[in-house]
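Working notes, structure below.
The chains referred to below are lettered A, B, ... by the order of the sequence lines, with proteins before strands, and numbering in each begins at 1.
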There are 2 protein chains.
Amino acid sequence: MRNTDSIIRRAEKLCASRGTRLTKKRKYVLTGLLESDKALSAYELIDVCKEKYDEDIPAMSVYRILEFLQSEYLVHKLNTASKYASCANIDDDKVGCYSQFLICRSCSKVKEVGLKPSMMAELQATVQDASFKLVNPQLEMNCLCEDCV
Amino acid sequence: MRNTDSIIRRAEKLCASRGTRLTKKRKYVLTGLLESDKALSAYELIDVCKEKYDEDIPAMSVYRILEFLQSEYLVHKLNTASKYASCANIDDDKVGCYSQFLICRSCSKVKEVGLKPSMMAELQATVQDASFKLVNPQLEMNCLCEDCV
DNA sequence: AATTTGGATGTTATAATGTAACATCAGCTC
DNA sequence: GAGCTGATGTTACATTATAACATCCAAATT
Ligand SMILES: [Zn+2]
Ligand SMILES: [Zn+2]
Ligand SMILES: [Zn+2]
Ligand SMILES: [Zn+2]
């Protein structure tokens, strides 16, 4: 069960164990993403923080906070959408492992699914055959969700 | 062998057969992409057309031309990079089939590789299990090329 | 308690990517 | 030539993102 408060507490401990801090504003941004089943842009997150917490966070800060949350493996950036989503695995032990993201091109609803090792291996092989090096195996799939089909 | 002129002639015929026209400016943009092994942004293409053909094409037109070239299956948009690349299969009969793109995050060098049917099937299955519908199976992989590692 | 210090945040300006709305142009048909 | 259609131009603006520099704040040290 993804209870926001318990996830936030877990995230706080994770950060503490790494010597970083989950500050109030960082919590607001993370909570905004946790409580959304859609990926949100930085500017949408500004609006969410204003509306739900009456907190004005400038764009620059939101970008920095998102970068921090990514570095802590709490949030993913979906490059094809230029939006951000909380990691579906925050509350278990798979945090940081590789995923594919099904992204609704219409409403930005996102589902994060683990990338099968066999798939991962195939992708790796293709990349190596082409003399490239895989930096980040995150797969983003251009989809429509069931509400939008 | 990817000879620009012969590809352009082929592209002209393709367009003609569909009742569209490969105009001078569309040729310039397509040629710019064909002769680059790196994906280019719309604004980089403006510069290329200016430098190589002394042709000033406004941003709006370049975006429209890129959209046209995509609709003719001559060009791909790489969403993770916000850049564009000519289709590696223009000169054979695989035009329009599904691909994965290895994109160097450092220099934008791109390699387009056919997506194996088995992979395609696995991806489809994952998407369906999640009650999503796959709109475009294009895979973009965040890589480093051999020059940039 | 006051000081120091480094990380977090604020401010301002600007870059890069992309689109909407409306005007004009160029090539074809009649 | 008149009229039509698709292609291009113009202007304005929206969205996403970063650089550079200033300030704040909380925890540790004195
Ligand atoms: Zn995740
Ligand atoms: Zn949707
Ligand atoms: Zn292609
Ligand atoms: Zn490279």
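- Residues of residues 49-70 of chain A that place a heavy atom closer than 4.0 Å to DNA chain D, in numerical order, are A/Met60, A/Tyr63.
- Counting only residues at least two apart or in different chains, salt bridge (charged side-chain N to carboxylate O under 4.0 Å, His left out) contacts with residues 20-29 of chain B comprise B/Glu12-B/Lys27, B/Lys24-B/Glu55, B/Lys25-B/Glu55.
- At a non-hydrogen distance threshold of 4.0 Å, A/Arg21, A/Thr23, A/Lys25, A/Arg26 from residues 21-46 of chain A come into contact with DNA chain C.
- Other members of the cluster containing B/Leu144 are A/Val135, B/Val149, with ILVMFWY side chains joined at under 4.5 Å, either directly or via other members.
- Chain A approaches DNA chain C over the interval C/dA8 to C/dT11, counting the first and last nucleotide 5' to 3' with an atom under 4.0 Å from its heavy atoms.
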Donor-acceptor contacts, no H, no angles, side chain residues 43-51 of chain B, under 3.5 Å, sequence neighbours left out:
| residue | atom | partner | partner atom | Å |
| --- | --- | --- | --- | --- |
| B/Glu44 | OE1 | B/Ser41 | N | 2.7 |
| B/Glu44 | OE1 | B/Lys83 | NZ | 3.4 |
| B/Glu44 | OE2 | B/Lys83 | NZ | 3.4 |
| B/Lys50 | NZ | B/Asp54 | OD1 | 3.0 |
| B/Lys50 | NZ | B/Asp56 | OD2 | 3.3 |

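- Hydrophobic cluster membership for A/Val110: A/Leu78, A/Phe101, A/Ile103 (Ile, Leu, Val, Met, Phe, Trp, Tyr linked by side-chain heavy atoms under 4.5 Å, directly or transitively).
- Legend: residues meeting ring pair (Phe, Tyr, Trp, His ring centres under 6.0 Å) with B/Tyr53, ordered by chain and number and at least two apart, are B/Tyr28.
- Under the side-chain hydrogen bond (donor to acceptor under 3.5 Å, both in side chains) criterion, the residue pairs touching residues 126-138 of chain A are A/Gln138-A/Glu140, with sequence neighbours excluded.
- Sequence neighbours left out, not one pair with a member in residues 108-130 of chain B passes ring pair (Phe, Tyr, Trp, His ring centres under 6.0 Å).
- The side-chain hydrogen bond (donor to acceptor under 3.5 Å, both in side chains) contacts involving residues 110-120 of chain B comprise A/Glu122-B/Lys116, B/His76-B/Glu112, B/Ser99-B/Glu112, where partners must be two or more places apart or lie in separate chains.
- The overall bend of the helix from C/dA1-D/dT30 to C/dC30-D/dG1, read as the angle between its terminal helix axes built from five base pairs each, is 10° when rounded to 10 degrees.
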